[in-house]
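Everything on this sheet refers to the single structure shown next.
Residue numbers begin at 1 in each chain, while the letters A, B, ... track the order of the sequences. Just so we're clear, the structure is a prediction, and the values are computed from it rather than from any experiment.
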Number of protein chains: 2
Amino acid sequence: MTFNQIFERFSSRYLPASLSDAAMMRFRALGRALPVIREAPVSLDENADHLVYVCSGATKLVAHASAGRDQVVAFHFPDELIAVPARAEHSYTLYTVSPSELLVFDYADFADLARGEPAVLRMLLDCARKSLGRCRDKSLALGRKTAPERLAGFLVGMAVRIGAPQDDITFLDLPMSRRDIADSLGLTIETVSRQFTLLREQKIIETVGKSGVRIRDLLALEARAGYLIEAA
Amino acid sequence: MTFNQIFERFSSRYLPASLSDAAMMRFRALGRALPVIREAPVSLDENADHLVYVCSGATKLVAHASAGRDQVVAFHFPDELIAVPARAEHSYTLYTVSPSELLVFDYADFADLARGEPAVLRMLLDCARKSLGRCRDKSLALGRKTAPERLAGFLVGMAVRIGAPQDDITFLDLPMSRRDIADSLGLTIETVSRQFTLLREQKIIETVGKSGVRIRDLLALEARAGYLIEAA
DNA sequence: TCGATTCATTGATCGAGATCAATGAGAATC
DNA sequence: GATTCTCATTGATCTCGATCAATGAATCGA
């Protein structure tokens, strides 16, 4: 895919149609397309925040603690926008999880340019708030939920984001490895694997190869996820 | 403190000086002051997002999971601005942690009004991004750090935010209880207490009554917090 | 001033999930 | 098509932090 095609996708999804051609060109001038990259860290300058558009593929944002312990802070799928923070007390790295086409901006430059375009600022705000909402839910899961609840919640979230519903079964093709899932849920690969086995034994899911999951009972999965019982 | 005084503090901190009087009045019309409230949940409509300015006191934003398990998502101190989300899979409640004066806005109304004021939108964006950064760091702590690291990191963070440096000692007056700290760190009160005892035994801190902490060795605390070793 | 209540600390024991260790199942390389 | 390599699964054991149970210290109301 060419830079123009990638930028076109980005702009049609995230820039207002009302934007003038001149303004559009200015945003375009800030973007840099990263061609298809196989599973690898995305090399970004650690001293600045970045804004990354996932055109195709999938990525994970990883926070690094000492002793090589990693925490996947978020996964991202096509047509999503991510803010990648500069290095601070902890460093963050964006990795592709499958071959991906990305569009990268310097966050500060982009936000500065957006000062003249309230609709773009509003879009950045909505984007940050969505990430914040997900991150808060994740904090709750990491701080207070059990391993079965975490995996159930993860699968429900993935079903919503990348699930393919067929009849009353939802099919998932998970692009990330068990290690990635473990690093996202604050567990080990072994525990994740055991939880998959339990869900399989209870006929709630079936697994197809390494990455396929057929969700047979989404309601049971939601019930396991430790969500609050819906108030009336 | 009167509504006008509270709004004045808010606007001088968060609204641009360049704002027209008319625009200022429109923002003011959206605000509602909550007078000094003793430690209690802040009653907000659960069906809408809110924007809350902490004028004095301290608050905690709590996420509720089933079975009464609570996770403190963030603490807030004077002059800070919080986005309180509406109920979704999980419900969130803002609590005062000490007597507080708050200024409350409906988030959607505020953001809509800000469409005409890019500087205000930019402020909301910065605010959301700061919360997101903190939340990501918290996810790392909850997912991958040990109890000693979590308490050390918590104390370092509090030292930065509400610490009173005197000579080479930083004094902290923690407004929140051990339960709040435990709910923030994903631990139990007992574990938090034991970690305080350990830090005391190692002469890194002294505790003064229930809420006072004298940090004698901030560097040791930072070393314990599991931050990445600074790269060159 | 004295219980009563709440909150922090300390000790004893337990258990969910980590760690250690082996095996199994694909996919990539030649 | 055998040979690695990598990744997922399963089992055995261990450990950190949870849970259960007292005790101590402050604050509050009468």
[X] vs [N]: side-chain N/O to OP1/OP2 distance below 4.0 Å:
X         : N       : value
Thr188(A) : dG17(C) : no
Ser193(A) : dT10(D) : no
Thr191(A) : dA16(C) : no
Arg194(B) : dT9(C)  : no

Indicate, yes or no, whether a donor-acceptor pair under 3.5 Å links the base of [N] to the side chain of [X].
X         : N       : value
Arg200(B) : dT10(C) : no
Arg179(A) : dT9(D)  : no
Arg150(A) : dG17(C) : no

Please verify the inter-ring angle class for Phe110(B) with Phe105(B); under 30° counts as parallel, over 60° as perpendicular, anything in between as tilted.
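Perpendicular: the ring planes of Phe110(B) and Phe105(B) meet at over 60°.
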Angle class for the Tyr95(A)/His64(A) ring planes (parallel below 30°, perpendicular above 60°, tilted otherwise)?
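Tyr95(A) vs His64(A) ring planes: perpendicular.
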Taking the side chain of [X] as heavy atoms from C-beta outward, which of [options] is closest to it?
X         : options                   : value
Lys210(B) : dA18(D), dA21(D), dA26(D) : dA26(D)
Thr146(A) : dC7(D), dG17(C), dT10(C)  : dG17(C)
Ala147(A) : dT9(D), dT9(C), dG17(C)   : dG17(C)
Arg178(A) : dA18(D), dG17(C), dA8(D)  : dA8(D)
Thr197(B) : dT10(C), dG17(C), dG17(D) : dT10(C)

Nearest whole angstrom, please: distance from the [atom2] of [N] to the [atom1] of [X].
X         : N       : atom1 : atom2 : value
Arg144(A) : dG17(C) : CZ    : P     : 13 Å
Leu185(A) : dA16(C) : CG    : C1'   : 15 Å
Leu142(B) : dA18(D) : CG    : P     : 12 Å
Phe196(A) : dG24(C) : CZ    : C1'   : 18 Å
Ile189(A) : dA22(C) : CD1   : P     : 16 Å
Glu39(A)  : dT6(D)  : CD    : C1'   : 11 Å
Leu198(B) : dG11(C) : CG    : P     : 11 Å
Glu190(A) : dC7(D)  : CD    : P     : 14 Å

Cation-aromatic face contact Arg129(B)/Tyr107(A), 6.0 Å, 45 degrees:
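Output yes; distance and angle both within limits.
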If you draw the axis of the six-membered ring of Tyr14(A), does the NZ or CZ of Arg9(A) fall within 45° of it and under 6.0 Å from the ring centre?
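The answer is no; the distance or angle limit is not met.
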Short side-chain to backbone donor-acceptor contact, Gln202(A) and Leu199(A), under 3.5 Å:
no
Contact nearer the 5' end of DNA chain D, comparing Arg38(B) with Val192(B):
Val192(B)
Given the options Lys60(B), Lys138(B), Met176(B), Arg150(B), Ser184(B) meets side chain to side chain contact (heavy atoms under 4.5 Å, CB included) only with Lys138(B)
